[in-house]
2 protein chains.
Amino acid sequence: MSYQSRKQKILKIVEEQGEADVKELAQKVETSEITIRRDLALMAADGLIFRTHGGAMKLSLAIIPVSFEHKISANIEQKDYIARLAAKEIRDGDIIFMDCGSTVSRLCQFIKNKRIKVITNSLPVVYELSNTEVSINLIGGELDNKRQAVHGQIAVEHIRRYQADKAFLGVDGISLENGLSASSEKEAEITTAMSSNARQTYLLCDSSKLGKDKYLKFAPLSIVDVLVTNEVSDQLKPYQDFGIRILN
Amino acid sequence: MSYQSRKQKILKIVEEQGEADVKELAQKVETSEITIRRDLALMAADGLIFRTHGGAMKLSLAIIPVSFEHKISANIEQKDYIARLAAKEIRDGDIIFMDCGSTVSRLCQFIKNKRIKVITNSLPVVYELSNTEVSINLIGGELDNKRQAVHGQIAVEHIRRYQADKAFLGVDGISLENGLSASSEKEAEITTAMSSNARQTYLLCDSSKLGKDKYLKFAPLSIVDVLVTNEVSDQLKPYQDFGIRILN
DNA sequence: GAATATTTGTTCAAATATAATCAAAATCAA
DNA sequence: TTGATTTTGATTATATTTGAACAAATATTC
């Protein structure tokens, strides 16, 4: 059987069912899986179907929802508590940086009516703040699909062109001994750049991250001006002694 | 037996069965396979059948129906037609610019499986291409809420840092006398910048925009390398004479 | 986040189809 | 009939398609 006729059969199945996996197509078209894969690759290159891992979908169904939620879903109340505290610090007219931390993105809901300019590398932040009172400056560069954020050299250069009043940043770990740490080099780079181009650096940090170290130590404690957290224990005292303002 | 009578038999078999392979035809027509091949080549050249590897298909079966799904609006269908043509021009490994034109954004659905880098200022494009095989470079700058796109000086500078293979652009009007025109200065600025930093400029332009002028004339016809359109009339001839490749 | 299971990309060899070349057969004109 | 022309078939070389095996990439599971 020729590619042409297999193509027609595959197309028909995929259009009727919406999606189909390779095994199923191989059975129905009566050929091997490898041949189906090759056909699907050709058809996808022609824009006839959307190739998925393990099969194919019709184009109209191939809208992949951004799965950012699951990361946020952990500790929502804590994050919202922190975000609310941080939002109170923002004044109309402020120019602020927001990075792609999950706590930082919870800030959006509380600032939609503020007359401020937000400079951000985070797509979820952009989506949530677009068509609000907030004016948005999007940081350009390579998009990291997993994090739904822009990273890289170009992004850092973009940040350096701006001077902001406040930076609202997230980290993966913070400790007295090792300062700020992250599990992604690219995120750390952005965080550092934002911090150094803002008059005041706010670190949004839930209790699970306090006293923790991640593999990449990227900045000393001294870059932090304000630590916003839900933690209330005297674990915070040393940070305060260090000169960091605590908001909780 | 003459070619004429074999032709009739072959045509009858292919029409009845939808498809047939060379071996089968050779048996039924009582001739050698090589003769069948020669006949099929002639018939295919005359557009009587569709030649496949190993045989032949009925033409109507070999053509992909324009739209399998419920009829979408005629306007969308036109744009999708243009977008599909444009998508076929894109090769794996290409670096392409996409602006915030409405036809341009219809391109997304057809290129999700391509291994390319897309540099764009359009949020809908980013949204539709994120989590696909396409690698995205987001142009930074001020976000225009109404257009869901990034504009301005910073954006233009961002574009200037990149050299792309192809630019896929939309306009609001194009005419022989006045070249390209737009209704937004900011969009025009982006379009111009993308065009001058791409080796080839593809203009995606439905028939309603051909021969029309909008208030802002911003670029001469000469920046266009390829005009992709659904228009088929000889209205296109002058553009072709001008040296523009027409894709329709 | 690490370990496991799937899926995919790649390479290779076998099967199949096509193209090219040339000789044989059929057709046609005198 | 003869010779020229066209068509057909056989043979060989080339190209394409296919499937198998394995390494790499990607989901999935806990």
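Below, chains carry the letters A, B, ... as their sequence lines are ordered, and counting in each starts from 1.
- Map A/Ala41 and A/Lys214 each onto its nearest nucleotide of DNA chain C; the residue landing nearer the 5' end is A/Lys214.
- Of the possible polar contacts, one joining the B/Asn197 side chain to the B/Arg160 backbone as a donor-acceptor pair under 3.5 Å is found.
- Nucleotide C/dT18 holds its C1' atom 15 Å from the CD1 atom of B/Ile36, rounded to whole Å.
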### Message
Protein within reach of the bases, or only the backbone? For nucleotides 19-30 of chain D, mark each nucleotide 5' to 3' as B, S or -, using heavy atoms under 4.0 Å.
### Response
B------S----
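- Taking five base pairs at each end of the helix from C/dG1-D/dC30 to C/dA30-D/dT1, the local helix axes there meet at an angle of 40°, rounded to 10°.
- Ring geometry, B/Tyr202 versus B/Phe168: the interplanar angle falls under 30°, so the pair is classed parallel (tilted spans 30 to 60°).
- Whole-Å rounding puts the A/Arg51 CZ to C/dG9 P distance at 6 Å.
- Regarding B/Lys23, its NZ atom lies at a distance of 17 Å from the C1' atom of D/dG9, rounded to whole Å.
- Checked by atom type, the side-chain pair A/Asp80/A/Gln109 shows a donor-acceptor distance below 3.5 Å.
- In this structure, B/Arg6 does not reach the D/dT7 phosphate: none of its side-chain N or O atoms is under 4.0 Å from OP1 or OP2.
- If you take CG of B/Leu25 and P of C/dA17, they are 12 Å apart, rounded to a whole angstrom.
- Aromatic rings of B/Tyr127 and A/Tyr127 (six-membered ring for Trp) have centroids within the 6.0 Å cut-off, being under it.
- Side chain of A/Asn121 to main chain of A/Ala149: no donor-acceptor pair is present (N/O by atom type, distance under 3.5 Å, no hydrogens or angles).
- Per the geometry, CZ belonging to B/Arg115 stands 12 Å off P belonging to C/dT8, to the nearest Å.
- Put simply, the side chain of A/Lys166 gets close to the backbone of A/Glu89: a donor and an acceptor are under 3.5 Å apart.
- The CZ atom of A/Arg37 sits 19 Å away from the P atom of D/dT17 (whole-angstrom rounding).
- Rounded to an integer number of Å, the gap from B/Glu24 CD to C/dA17 C1' is 16 Å.
- Between B/Glu19 and A/Gln4, the side chains place no donor N or O within less than 3.5 Å of an acceptor N or O (distance only, hydrogens not considered).
- Between B/Leu42 atom CG and D/dT7 atom C1' there is a gap of 12 Å when expressed in whole angstrom units.
- No more than 12 heavy-atom neighbours from other residues, nucleotides or ligands sit within 6.0 angstrom of CG on A/Asp234.
- Counting only heavy atoms from C-beta on, B/Val22 has its side chain closest to C/dT18 among C/dT18, C/dT8, D/dT18.
- For the 3.5 Å distance criterion, the side chains of A/Lys79 and A/Ser102 qualify, holding a donor opposite an acceptor.
- Residue-to-nucleotide proximity on DNA chain D shows that, of A/Tyr3 and B/Ser2, the 5′-proximal contact is made by B/Ser2.
- Within the 4.0 angstrom heavy-atom criterion, only backbone atoms of the sugar-phosphate kind lie near B/Thr52; the bases stay farther away.
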